[in-house]
*Asks:* 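Mind looking over this structure? Questions follow.
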Amino acid sequence: MFLQGSTAVALSAGALPGLIDRSSASALASVASPVRAYAEPTLGGGSGLALPMLSDGLNLDQPQYYETIQAGRRVFCKTRQNADIDGDGQDELIYRNPAGISAFRFDADTGQWLALPPSTAFGDEAGWDEAWYYPTIQTADLDGDGRAELIGWGPKGVEVHRYDPTTETWIDLGVANPMTGSLWAMPWYFQTMQCADIDGDGQDELLVRYKDGLRAWKLTGTSWTQLATISAMSDTAGWTELSMFETIQCADLDGDGRAEVFARSADGIVAWRYSAGQWVALPAGPELSNAEEWNYPQYYQTLQSADLDGDGRAEIFIRNNTQIRAWKFTDTAWQELPLGPMMEDSDGWGDPRYYKTLQAADLDGDGRAEILVRGGFEILAWKYTGTGWQFLSPGPAWSDADGWNASQYYQTIQPARVKTSAAANPHMPATESGTLDVLFGRSSLAIETYRMLPDTSWTPTSAPWPTLDAASYAYAAELLGLIERNVRDIYGNDVDLSAYADQLHPTPALPTGSTIDPTQWAAVCEQLYTELRWADQVQTWYHNVRSLLTATYTGDDIALQAVAETIQLKDPSSTSLTLSILSFVATVAAAGLSLTATPMAGAVAGTIGAACTLAGSTSGSDSDKVQDTIANLDKQLLDAFESSIRSMDDQRGAATADYGLMAAIGRQIIGQAPAWAWDDADQDALMLAGQRQYALSAWKALAAPSGWKWSVAGEDDYSGIIDENGGRYYNNGWFWMAGGYHAYSWDPGDDISWLCQFYMLRQGTSTLIDDTVLHTLFDAYNPAKGVFPLGANLIDAVAARHGWPRLGSAGTSKSDSGCSDVPDPWTVDGSKGVISGSHATLAATAGTAAFASPAPVPTAKSAKSAKPKNRTRPERDRPNQLHALGIDLGVNVELSRDTAGELVALIRTTNYGLTAAEEVRIVSAKLGGREAIGPLPSHHRHVDAGEAISTHLRFVGVPGKAGKQVTLKLGHSHLDGDYATTLQLTLPTV
């Protein structure tokens, strides 16, 4: 059926070299293993240390951060955009962190990514961590000057920022906002935001779909000029359908230098060309219709384009249930290319952890893009030869076994266009175009970057050690007194490397009668002098960070026992609780990101975060989640800290064993790059920030066993509704006005915010928590006073946000509080304060378990057109491990109607526990007995403790009138089981 009349061609192993059956899996895995930068055990498939160190310890395992990692490519839409923000002719790598945007340029000499000055744009404090804002962040050359700008749609509307490489600063261009109105927050609108040069003037236009169709604007100065709209893509034409709007993208299909718009409609491929100020429809494309089941995410989400044959025109390609299919637009019609690589559903390719990595890149720099995808063992790639498909050598071993089947890793895999430098790095030979695409992905430790060599084998991009004249190198060791050792062997040793360097500069004279070539001797001395200086700087840097780590972890006032006493835990010596030790330790690194005034904070945080991650990977334990008494946990935390310090030494050794890495770090330190320029004052600030983060983590861990609860009090009549201590707390300011910052609304105009105030009390009593305790936790943080007070956010504690566990509640009835309409903070939507349904903790459904497809290994089978079957999850007995694992998932929903009268459900799935939840997504949804429209989103998410993910679903035909109750039944999947919940909602008006 998917072949749509094309002749099915049997693709044998001989026709496609490298396609093997499952019996050859182990052989393929061994052949595919790339050269490692160093032989250290790692977590999550990381092959070693690299720059930048975007480790899990920096919170880069959270979707609001890792989903923004890009070098011109985004998951949606799939339009490839210009990411050259500094005008150096190659893509920069950018990502969003809590403090804003960080950017890196690729250095061909070292094969590493070097930091550019960061920007405070798009930070968490400005609200960019919302799921409808951060996905819009992208790069595009909006003014046609050859440099890409940074653009995104956020709380203040469209923002455009430019990086000035001359002053090394970021400039907010202060552009007007063409996307006004709250409806833009719907995914069928904001998710289509993209930029492309549709008129061929060298300036990218902004395109976003709205109710009336796909709109387009051109930026002139700081204002936008709206161009014609593709009205055929309107809501009424069905383009709110997930399987349609997610496919909207741009590419130059006809080779005229202008990008066309194309997408998959319910009937097949449609496309438009912008000409003379109007949109002109192109001939209908391949019939990838809903009737043929192309509306399933494992198929339509793979639709994209690339110039596969090097003729300047982009071909489109897509995966069906059998293999890759591709078409070329030939001005008047669409021509199908020979059938592509086999990727059958029956071999597991219908799993998002594989098909979502399908993409194209010019890996050899010949002007033709190769198709690549992550399999269960490594990266697989194919080149179109004009008559068929050539299987290339397997790429980086980003395997399931190494953890690359987790969304926070595989979703970051993408190419970046970089320059080559044959003279400086033999791994980067010059090509016809002078540029090629490298492939990178984020492991638990860092961004790993690989390139394909001319023989199609793969290697890390980090520059190799230069070859030195053997006689000169041996004499240098003798001169330095390194008996029976090479000079490079001491780079990782704890010795005075600068003293050795001084002995080689200026170049010492050769002994009389020496047969060593003086020219070679001078070159070797200069090279070793440079290397010794780099190694010395790397050694000093890691010594400084190691000292910082030690000072951060050894404060007596931040130990679990000390916090337990401060928090007035009744019996801290016997209280038992579950902690994720690795997460607890690694959060220290994340604190550095909030110090935007400290230039080196990012580099320090990355270094510590990678050390903590590496420490966890070498622990040898089955899990870093442990349950014990506080006294024993203190000991285990100390052991974890010491392990991290030892891992810091491992990092130091790794950095001086990798030439490219050592050169990159050493050059930046010697060149006084802000990110690597160590300053003692900065170190003190980082130490306090780290201690504060550690102490906050301890408070979060102990809040639940301490039995904390929250309540509300009426603003006008607080007397008599709490005990006799109420007046004292009120007079001391320990009633918190809810307006603007309360647990369930950030809108100061919300009615509930004027009714209620919060106070804290203990489990089983009406006793308020001692004000000394609350002052210690919630008073504004002042670094001059040391770690305490901590400056914690009260609303985070009450609403179980950002790592706080869910606390109990009390006093919410009108007789107790005067606020009868105030539910638990977890039952109300977090953006508008609209009470929308009752809270329900997700409970494990009896007899179900998580489903995992087999690791796909493409096999040499004949193409087939069998209809894909609806997948069901295997049923087997399984105990409920939800709470045992420290995961506490909860759901709240905001129900509204769009302008067409269809019901829209904004579903927030929140992890109120202390342990991260892996691969969470919605697998079933019924509102009033009606299924959600179209296939459910296939997006898997990592949900950290205290974090939430958002999903929009639409429903039609739901019975009942406005104001009536309706039942929403939801099913979630998770690595540890399938969970179901039922909520009672109120049907809204339009």
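Please read all numbers here as calculations on a predicted model, not as lab measurements. Numbers here simply count residues along the sequence, with the first being 1. Values below: every heavy atom of this structure, side chains too, minus hydrogens, waters and symmetry copies.
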*Asks:* Check the pair L436 / D366 against side-chain contact (heavy atoms from CB on, under 4.5 Å), numbers first and verdict last.
*Replies:* CA-CA 8 Å; L436 51 75; D366 68 350; over 6 Å; no
*Asks:* I'd like to know if the side chain of D362 reaches the main chain of A369, judged simply by a donor and an acceptor atom lying under 3.5 Å from each other, with no hydrogens or angles considered.
*Replies:*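 Here the side-chain-to-backbone pair does not exist.
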*Asks:* Would you confirm whether Q411, through its side chain, and Y66, through its main-chain N or O, come within 3.5 Å as a donor-acceptor pair?
*Replies:*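 Checked: no pair found.
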*Asks:* Between H940 and Q408, does a side-chain hydrogen bond (donor to acceptor under 3.5 Å, both in side chains) hold up when you go through it step by step?
*Replies:* CA-CA 9 Å; H940 290 75; Q408 60 267 36; over 6 Å; no
*Asks:* Would you please say whether a donor-acceptor pair under 3.5 Å links the side chains of T449 and W113?
*Replies:*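 On atom types as modelled, these side chains qualify, holding a pair under 3.5 Å.
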*Asks:* Within the side chain of E370, is there an N or O that forms a donor-acceptor pair under 3.5 Å with the backbone of L363?
*Replies:*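 Looks like yes, one N/O pair under 3.5 Å.
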*Asks:* Do you know which two heavy atoms are closest between Q70 and F440, and how far apart they sit?
*Replies:*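 Answer, listing the atom of Q70 first, then F440: C-CZ, 4.5 Å.
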*Asks:* Closest approach of I490 and V495, non-hydrogen atoms and distance?
*Replies:*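 In terms of heavy atoms, the two residues are closest at O-CG2, 4.3 Å.
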*Asks:* Given 3.5 Å as the limit, does a donor-acceptor pair link the side chain of R368 with the main chain of K383, or not?
*Replies:*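 Here the side-chain-to-backbone pair does not exist.
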*Asks:* Does the side chain of Q414 reach to within under 4.5 Å of the side chain of I69, using non-hydrogen atoms?
*Replies:*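 A side-chain contact under 4.5 Å exists here.
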*Asks:* Go through the steps for R941 and E919 under the test salt bridge (Lys or Arg N to Asp or Glu O under 4.0 Å), then give the verdict.
*Replies:* CA-CA 5 Å; R941 297 290 189 89; E919 301 302 282; over 6 Å; no
*Asks:* Would you say that R374 contacts Y409 through its side chain, given a criterion of any heavy-atom pair below 4.5 Å between the two side chains?
*Replies:*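 No, too far: nothing below the 4.5 Å cut-off.
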*Asks:* Stepwise, does the salt bridge (Lys or Arg N to Asp or Glu O under 4.0 Å) test hold for R546 with D649?
*Replies:* CA-CA 8 Å; R546 190 180 192 276; D649 294 334; 3.0 Å; yes
*Asks:* With a 4.5 Å heavy-atom cut-off, do I101 and W128 have their side chains touching?
*Replies:*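 No, every pair of side-chain atoms sits at 4.5 Å or beyond.
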*Asks:* Keeping the roles fixed (side chain from T139, backbone from L150), state whether a donor-acceptor pair exists under 3.5 Å.
*Replies:*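 Side chain of T139 to backbone of L150, a donor-acceptor pair under 3.5 Å: no, none is there.
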*Asks:* Between P415 and Q359, what is the shortest heavy-atom contact and its length?
*Replies:*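 Answer, listing the atom of P415 first, then Q359: CD-OE1, 3.0 Å.
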*Asks:* Measure the shortest side-chain to side-chain distance between S102 and R96 over non-hydrogen atoms and say whether it is less than 4.5 angstrom.
*Replies:*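 No, too far: nothing below the 4.5 Å cut-off.
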*Asks:* Under a 4.5 Å cut-off applied to non-hydrogen side-chain atoms, are Y450 and T459 in contact?
*Replies:*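 With C-beta onward as the side chain, the pair stays apart.
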*Asks:* Kindly assign one of parallel, tilted or perpendicular to the pair Y95 and F104, based on the angle between their ring planes and the thresholds 30° and 60°.
*Replies:*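 Answer is parallel, since the angle falls under 30°.
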*Asks:* Assess the side chains of E448 and W398: does a donor N or O sit below 3.5 Å from an acceptor N or O?
*Replies:*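 E448 vs W398: donor-acceptor pair found between side chains.
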*Asks:* To the nearest 0.5 Å, tell me how far Y134 OH sits from D129 CG.
*Replies:*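 The CG atom of D129 is 9.0 Å from OH of Y134, to the nearest 0.5 Å.
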*Asks:* Quick check against the 3.5 Å criterion: does Q539 have a side-chain atom that pairs as donor or acceptor with the backbone of Q537?
*Replies:*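 It does not hold such a pair.
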*Asks:* Of all the heavy-atom pairs spanning S399 and F377, show the shortest one and how long it is.
*Replies:*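 Smallest heavy-atom distance, with atoms named: CB-O, 3.3 Å.
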*Asks:* Would K356 and D351 count as a salt bridge (Lys or Arg N to Asp or Glu O under 4.0 Å) if you check the C-alpha gap in whole Å, the side-chain angles of each, and the deciding distance to 0.1 Å?
*Replies:* CA-CA 8 Å; K356 281 197 171 183; D351 192 308; over 6 Å; no
*Asks:* Please report the interatomic distance CG(D944) to CD1(I949), rounded to the nearest 0.5 Å.
*Replies:*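 D944 CG to I949 CD1: 12.0 Å, rounded to 0.5 Å.
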*Asks:* Say whether, by atom type as modelled, one donor and one acceptor occur between the side chain of D455 and the main chain of S457 under 3.5 angstrom.
*Replies:*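 Confirmed, D455 side chain pairs with S457 backbone.
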*Asks:* As an exercise, state the distance from CG of L497 to CG of L532, rounded to the nearest 0.5 Å.
*Replies:*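 Those atoms lie 6.0 Å apart.
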*Asks:* For T120 and G100, indicate whether the former's side chain and the latter's backbone hold a donor-acceptor pair under 3.5 Å.
*Replies:*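 It does not hold such a pair.
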*Asks:* Could you walk me through whether Y354 and D400 satisfy the side-chain hydrogen bond (donor to acceptor under 3.5 Å, both in side chains) test, starting with their C-alpha distance in whole Å, then the side-chain angles of each, then the deciding distance to 0.1 Å, before giving a yes or no?
*Replies:* CA-CA 10 Å; Y354 309 121; D400 289 359; 2.3 Å; yes
*Asks:* Do R451 and T461 have side-chain atoms, one donor and one acceptor, less than 3.5 Å apart?
*Replies:*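 No.
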*Asks:* Which atom names give the shortest non-hydrogen contact between W170 and I85, and what distance separates them?
*Replies:*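 Residues W170 and I85, closest heavy atoms: CH2-CD1, 3.7 Å.
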*Asks:* Go through the steps for M452 and L392 under the test side-chain contact (heavy atoms from CB on, under 4.5 Å), then give the verdict.
*Replies:* CA-CA 10 Å; M452 193 175 72; L392 307 177; 3.9 Å; yes
*Asks:* Assess whether ring pair (Phe, Tyr, Trp, His ring centres under 6.0 Å) is satisfied between F391 and W382, documenting all intermediate values.
*Replies:* CA-CA 5 Å; F391 180 72; W382 295 263; 5.5 Å; yes
*Asks:* Any ion pair linking D437 and R417 (charged N to carboxylate O, less than 4.0 Å)?
*Replies:*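 The answer is yes: the pair qualifies as a salt bridge.
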*Asks:* Does the pair D61 and E918 meet the rule for a side-chain contact (heavy atoms from CB on, under 4.5 Å), with working shown?
*Replies:* CA-CA 10 Å; D61 57 352; E918 294 284 357; over 6 Å; no
*Asks:* Any side-chain heavy atom of W676 sitting closer than 4.5 Å to one from P599?
*Replies:*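 Not touching, per the 4.5 Å side-chain cut-off.
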*Asks:* Between W678 and W541, how do the two ring planes meet: parallel, tilted or perpendicular, split at 30° and 60°?
*Replies:*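 Perpendicular: the ring planes of W678 and W541 meet at over 60°.
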*Asks:* Going from OG1 on T607 to CE on M600, what distance comes out if it is rounded to the nearest 0.5 angstrom?
*Replies:*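 Result: 10.5 Å between the selected atoms.
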*Asks:* Look only at the side chain of S547 and the backbone of H543, and say whether a donor-acceptor pair between them is shorter than 3.5 Å.
*Replies:*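 Checking the backbone N and O of H543 against the side chain of S547, a donor-acceptor pair under 3.5 Å is found.
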*Asks:* I need the N59 CG to L54 CG distance, nearest 0.5 Å.
*Replies:*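 One finds 12.0 Å between CG of N59 and CG of L54.
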*Asks:* May I ask you to decide if L358's main-chain N or O and Q304's side chain share a donor-acceptor pair within less than 3.5 Å?
*Replies:*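 Yes; judged by distance alone, with no hydrogens or angles, the pair exists.
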*Asks:* Please determine whether salt bridge (Lys or Arg N to Asp or Glu O under 4.0 Å) holds for the pair R442 and D56, giving the CA-CA distance in whole Å, both sets of side-chain angles, and the decisive distance to 0.1 Å.
*Replies:* CA-CA 9 Å; R442 192 193 74 86; D56 289 354; 2.9 Å; yes
*Asks:* Run the numbers on L528 and Y500 for side-chain contact (heavy atoms from CB on, under 4.5 Å), then give the verdict.
*Replies:* CA-CA 9 Å; L528 291 178; Y500 286 109; over 6 Å; no
*Asks:* Nearest 0.5 Å, what's the OG1-CD1 distance between T412 and I447?
*Replies:*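 Between T412 OG1 and I447 CD1, I get 5.5 Å after rounding to 0.5 Å.
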*Asks:* What are the two closest heavy atoms between S462 and G660, and how far apart are they?
*Replies:*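 Between these two residues, the closest heavy atoms are OG-CA, 3.3 Å.
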*Asks:* Is there a side-chain contact between E531 and Y659, using heavy atoms and a 4.5 Å cut-off?
*Replies:*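 When only atoms from C-beta onward are counted, Y659 and E531 do touch, with a gap below 4.5 Å.
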*Asks:* Could you tell me whether the side chain of E149 reaches within less than 4.5 Å of the side chain of H161, counting heavy atoms only?
*Replies:*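 Not touching, per the 4.5 Å side-chain cut-off.
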*Asks:* Hydrogens and angles aside, do T110 and D107 bring a side-chain donor and acceptor to less than 3.5 Å of each other?
*Replies:*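 Short answer, yes.
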*Asks:* What is the ring orientation for F641 with Y694, classed by angle as parallel under 30°, tilted 30 to 60°, or perpendicular over 60°?
*Replies:*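 The rings of F641 and Y694 stand perpendicular, inter-plane angle above 60°.
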